[in-house]
Amino acid sequence: MEYQPNDFLTTDEIAKYYGISKPTVYNRKSDMKLISRFQPAIKFGGRRIRFKELEEFFAYFGTPECRNELNRIKALNRSKK
């Protein structure tokens, strides 16, 4: 199925489209929530994610910049506790 950039996808639709498991989708969604530029894509209490930002996030996710940013954010969160 083809999605438009402004479509909001559920966890099931994301898992089917990318061929990944639901727990992986939940993990990626939690990583998306940490990065401020992807936060606006998550709507309806986290139940739906905009397709355009999802595509951008999956392209960005494997890069060293993303890993460094996630590690920095997670370290800050750990230090606040």
Review point. Does NZ or CZ of R67 lie under 6.0 Å from the centre of the six-membered ring of F61, at an angle within 45° of the ring axis?
Key: no
Hey, what do you get for [atom1] ([X]) to [atom2] ([Y]), rounding to the nearest 0.5 Å?
{"X": "M32", "Y": "E53", "atom1": "CE", "atom2": "CD", "result": "6.5 Å"}
{"X": "L70", "Y": "D31", "atom1": "CG", "atom2": "CG", "result": "5.0 Å"}
{"X": "K29", "Y": "T24", "atom1": "NZ", "atom2": "OG1", "result": "12.5 Å"}
{"X": "L9", "Y": "Y3", "atom1": "CG", "atom2": "OH", "result": "5.5 Å"}

Practice item. Looking only at non-hydrogen atoms, find the nearest pair between G46 and I42 and report the distance. Key: CA-CG2, 3.5 Å
Revision key, fill the gap. Scanning both residues in full, the closest heavy-atom pair of S21 with A15 reads C-CB, 4.4 Å
Point to revise | I73 vs E69 side-chain heavy atoms within contact, under 4.5 Å | key: yes
Review point. Looking at side-chain heavy atoms only, is the closest gap between Y60 and R37 below 4.5 Å?
Key: yes
Practice item. Give the ring-plane orientation class for F38 versus F57, where under 30° counts as parallel, over 60° as perpendicular and anything between as tilted. Key: perpendicular
Review point. Do Y17 and Y26 belong to the same hydrophobic cluster, where Ile, Leu, Val, Met, Phe, Trp and Tyr are linked whenever their side-chain heavy atoms lie under 4.5 Å apart, directly or via other members?
Key: no
Review point. Same cluster for F51 and F58 if Ile/Leu/Val/Met/Phe/Trp/Tyr side chains link at under 4.5 Å?
Key: yes
Review point. Can you check side chain to side chain contact (heavy atoms under 4.5 Å, CB included) on L34 and N77, steps first, answer last?
Key: CA-CA 10 Å; L34 293 175; N77 289 342; 3.8 Å; yes
Check your understanding: Taking the side chain from K43 and the backbone from R50, do they hold a donor-acceptor pair closer than 3.5 Å?
Key -> no
Review point. Are the side chain of N68 and the backbone N or O of E65 linked by a donor-acceptor pair below 3.5 Å?
Key: no
Point to revise | K16 and E13 ion-paired at < 4.0 Å | key: no
Revision key, fill the gap. Partner of K22 under side chain to side chain donor-acceptor pair (under 3.5 Å), picked from T11, D12, N27, is D12
Practice item. For atom CZ of R47, decide whether the heavy atoms of other residues, nucleotides or ligands shown that lie under 6.0 angstrom number more than 12. Key: no
